[in-house]
Every structure is written in structure tokens, then in C-alpha cells.
Asks: 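Structure provided below as C-alpha cells; questions to follow.
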2 protein chains.
Amino acid sequence: MVSKTKIQLIRSLTHKKFRLEHQLFVIEGTKMVVELLESQWQVAQVFALPEWTESLSAELWHKSKDKIQLVTTKELEALSQLTTANQVVALVAIPQRNWDYTQALSMPCCLALDHLQDPGNLGTIVRIADWFGISHIFCSSDCVDLYNPKTVQATMGSILRTQVYYVDLPTFFEHYPHQKVYGAMMNGNSVFTTTFAPPHCILIGNEAKGIRPQLLPYIAEHITIPKHGKAESLNAAIATGIIAGIATATLKR
Amino acid sequence: MVSKTKIQLIRSLTHKKFRLEHQLFVIEGTKMVVELLESQWQVAQVFALPEWTESLSAELWHKSKDKIQLVTTKELEALSQLTTANQVVALVAIPQRNWDYTQALSMPCCLALDHLQDPGNLGTIVRIADWFGISHIFCSSDCVDLYNPKTVQATMGSILRTQVYYVDLPTFFEHYPHQKVYGAMMNGNSVFTTTFAPPHCILIGNEAKGIRPQLLPYIAEHITIPKHGKAESLNAAIATGIIAGIATATLKR
């Protein structure tokens, strides 16, 4: 039996205010929760249908059983933030993650996002970063929240393998003058002929307004995805996918 | 005053069955409907708030006024398929578009989609094609419907500038043996080092299952977006963006 208070708590976590207050967020879905239990992330509680627990390996069941509460389909639906609940809902502690500026920046490539607003875009970008082996993403403080349910869902589990920091971007760039910042702009050099020199940072701007003027001084090279047709713009995640793909391909060649 | 029957008709068009029956679909939003009225697409009716019509140019107003019905905010909300109605809803005739196989294929690059299922992915891919100047997209007959409201919305107007055909893909490939088919697969050559020879066709498979085995004989070259990290997959639209970007860059260089 899941208490009303617990249901209310979990449902409240669709709002950033309550995620901040409780320092908790929700991960849902059969596959993503398995990856969660296998990871180092701190799980507060797991609400699962009996059939889901039966699919767990003996080792994972043993390691996690104290945190798993079996629920009915009806209870799961009451807990779920999805349109269609998917067997299991996990309550997870938001990791305490502050970027330490004294720490050396050892990454050959990182991503910086300026005022990204769409939760799906951020989640997709985290998934892209994870695909291309970009381990660190630096978001401006006013970017959409990583723990927004739509963002978490769109990462398809990559949230567990990628480090996302909310920082003051000018301060961040000032601390790492040795990295070359490539900014995605409307009138730059073609990304398809750019040679990305490591260490570098790919800076992507807001969906509608692009990169804020105060960040321009930190950009070493303006890059563009040339347009041959008539669409007014490319989706921010698509642009990130193209640029990150080319940039990391240069590193691995 | 909008009749109940009209409201019911428009709301029914969220379902493919009724779009097919009436040969109508819906385009919403201030910007996309302006582009619609400027295009050659056949508009049945436009339901708009007075403030939207005031933003139209004199010429566009003159050309379109017989089709525009002014509505109240409440009526617009009743008509809209969006969570938040956006000033104007247009009822549009589905164009009769059958691919004529005797027609020469003059395109240097086209896209083929095998069993794509996510409406947002299809819409985003149409927008990508429009950005890169790829005018023709060939969908397998079982792809998600182009006129699905989520697809239309995700095209951001590119639906008006791109020709999407539903075809039997094997028949399509057999009729155009001169075009080189590049298939997006898990174990192909890196797309970042591929030289795309025109005329060519980029084939993208289903989100979960990839390209169906019966299409493999038509693929001249297997291409892959190399993975350096741990994500299990890339979103189909992201993969299309990367491949289409590199393929069309080769053509324009």
C-alpha cells in the first residue's frame, strides 16, 4: 500500500520548486530503472509491479530489494508522471554536484548550453553527448532543469552517465582560457569544413535567440551548419548532434 | 459562431481515419498559417482571432479573407489540437500526391524512411530535409502519417516546402537503380569519412528495429555514426540530421 502522502510527494516532483525542496526526482521505465540500480546514483525508493522485479537479475534483486516496494497497476498509475505508466517508478536523490574551478579540465571536448529552454532538447542533447563520449555538459544557470521529467525521459538513461553542471558561463570560460570555444551561430564557418582543435568546448545557444551577446568575447570561432533549403532554423538538438558528431570525429580520427 | 459540427469535424482530424475520410488536416499557429496562405496549398477554412488577421499584410488579407472566419478565444480553444491554442487554426486539403515512377529522378539527394513510427521524428526530419535542400522524402507505406498533428507541428512549416510520398520502398528502389543507396546501420563505414556520390538516397530505419532485412539488397553502402560513449542509440531524427548534413555538404562543396 502506497500512502497518499507518498503519492502526493512524487506527483509534486513534476515541479522544479518541489524537486529543489526535497532534493529528489523521478526516473521511470523498465530499462532506465535497471540502469539506475546498476549505477552509483542514490536511489531513495522504487515502486514496481511484481512482473518487473521478476525480470531483475538475482544480483540486482539482492542489492536493491530493500528499496523496492511492490505496487498494483492502479497505484503505479497514481505515481507515474508518464501518460502511460511503465512498470516501475523510482525516487532518486539529486546528486550534489558543484563544479570545482580549481579542478583541471582534462576533457578534450565539452558542451556548453546557453539558456536552453526545451526539456526534450536538453534530454536529447545529454543522449547525444553520451553517444559521442562527451562526459561533461555545462549549462547556464537559466537553462531548463535536468531533472524535469521530460528531460529525464528524453535522455533514455544517458542522464546516469553524463555530468551536467549549472554554472555561470562567463566565469566558466574565464577559468579555462586554454580551451577553444566554438560557438554555433548563423554566420560562421561551415561546420563541415572546420577542424576542431582539442581541448575545445562547443557552445550552443537558446532555441529562439541563439547565444547571448555577453558570451561572444569567449568564442574563438563562429561555426554554422550551412543551409541549402528554406527552413528558418534547425532544432537545437539536431544542430548539437551535427556539431558534436563532427567535432568528436576529428578527435578520434 | 462556429457550429458544433465543424468543431467535431476538426477535433476528429487528430485521428488518421477521419483525415483519410475527409481528406483534410489541420495546421495551427500564427507563423505556420501565414506561410500556408502564402503557399499553393489548398486551404478549406481558417479560424482566427481578430488580432491575428490584423497582423496580415493587406495583400494576404485580400487574397484570403473569404476563407477566414473570426472566432473568440473560447471557440479557438475548442477547435485547437494544441495544449495552448495559438491564435489561428486552418483546415487544409491533403494534397493528392502519387509518385509517378516514369518521372525521371532529378534529385541529387533524397531521403527514404523505413517504418518510422514517431510523429515528432518525422516532422523533425521534414524540417531537416528542408534545411539541407532535400526536396523529396519517400516513406514506406507503414510510416507514421505526415498529417498527424504532432508531425505537422514539428515540421515548423517545412511540410509546405517538402514533398513527402508514401511508397513501396522495394519498388521505389528498383525503379531508380542509378541512385546509390546509403543505409544507416549499426556496423557500417563512418559517415564522417564517407564521400556521398550523387545521385543518392539516404535510407533511415525504424526507431527500434532499424532497416528491414528485405531492403538490405538495395543498399550500396552501409554507413554508421561511430559511437565513442555509452548511449545505446541515437534518436532517428538526430541520426538523419548528421547523415543528411554530411551528404549534402559533399554535394555543395
Side-chain angles (χ1 to χ4, degrees), chain A residues 31-32 35 39 108-109 118 120-121 123-136 154-162 190-194 196 207-208 224-253, chain B residues 31-32 35 39 108-109 118 120-121 123-136 154-162 190-194 196 207-208 224-253:
Chain A
K31 212 156 157 292
M32 229 194 295
E35 290 183 27
S39 77
C109 174
D118 182 86
N121 275 347
T124 306
I125 288 174
V126 169
R127 186 174 167 198
I128 291 167
D130 188 27
W131 178 273
F132 288 119
I134 299 172
S135 56
H136 288 62
T155 70
M156 301 279 278
S158 292
I159 190 172
L160 301 168
R161 293 179 293 267
T162 313
S190 167
V191 64
F192 298 111
T193 51
T194 298
F196 288 82
E207 289 89 348
T224 293
I225 300 167
K227 166 162 120 175
H228 310 304
K230 290 191 172 140
E232 201 192 310
S233 63
L234 271 179
N235 168 286
I238 302 289
T240 307
I242 295 172
I243 298 171
I246 293 174
T248 52
T250 319
L251 298 176
K252 304 286 168 175
R253 229 176 249 170
Chain B
K31 213 156 154 294
M32 229 195 292
E35 290 184 28
S39 78
C109 173
D118 182 85
N121 275 347
T124 306
I125 288 174
V126 169
R127 186 175 167 197
I128 291 167
D130 187 29
W131 178 272
F132 287 120
I134 300 172
S135 55
H136 289 62
T155 71
M156 299 280 278
S158 292
I159 190 173
L160 301 168
R161 293 179 293 267
T162 313
S190 166
V191 63
F192 299 111
T193 51
T194 299
F196 288 82
E207 288 89 347
T224 292
I225 300 167
K227 167 163 119 174
H228 310 305
K230 291 192 172 139
E232 199 191 311
S233 63
L234 269 180
N235 167 285
I238 302 289
T240 308
I242 294 172
I243 300 171
I246 292 174
T248 53
T250 320
L251 297 177
K252 304 285 171 180
R253 230 175 249 168

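Below, chains carry the letters A, B, ... as their sequence lines are ordered, and counting in each starts from 1.
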Asks: Could you state the interatomic distance from OG1 (Thr162(B)) to CH2 (Trp131(B)), rounded to the nearest 0.5 Å?
Replies: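 The OG1 atom of Thr162(B) sits 13.5 Å away from the CH2 atom of Trp131(B).
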Asks: Answer yes or no: are there more than 12 heavy-atom neighbours, outside Met32(A) itself, under 6.0 Å from its atom CE?
Replies: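 Check passes, neighbour count above 12.
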Asks: With a sphere of 6.0 Å drawn around NZ of Lys230(A), does it hold more than 12 non-hydrogen atoms of other residues, nucleotides or ligands?
Replies: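 Open: at most 12 neighbouring heavy atoms sit under 6.0 Å from NZ of Lys230(A).
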Asks: Check whether Ser233(A) gets within reach of chain B through its side chain, its backbone, both or neither, counting any heavy atom under 4.5 Å.
Replies: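 Both backbone and side chain.
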Asks: Does any heavy atom of chain A fall under 4.5 Å from the side chain of Arg127(B), the backbone, both, or neither of them?
Replies: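 Backbone plus side chain of Arg127(B), per the 4.5 Å heavy-atom cut-off to chain A.
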Asks: Name the member of Ala154(B), Pro226(B), Gly229(B), Ala129(B) that forms the most heavy-atom pairs with chain A at distances under 4.5 Å.
Replies: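 Heavy-atom pair counts peak at Gly229(B).
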Asks: Between Phe192(B) and Ile242(B), does the side-chain contact (heavy atoms from CB on, under 4.5 Å) criterion hold? Intermediate values first, please.
Replies: CA-CA 9 Å; Phe192(B) 299 111; Ile242(B) 294 172; 4.0 Å; yes
Asks: Among the options Leu160(A), Ile238(A), Thr124(A), Ile134(A), pick out the one with the most heavy-atom pairs lying under 4.5 Å from chain B.
Replies: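 Sorted descending by pairs with chain B, the first entry is Ile238(A).
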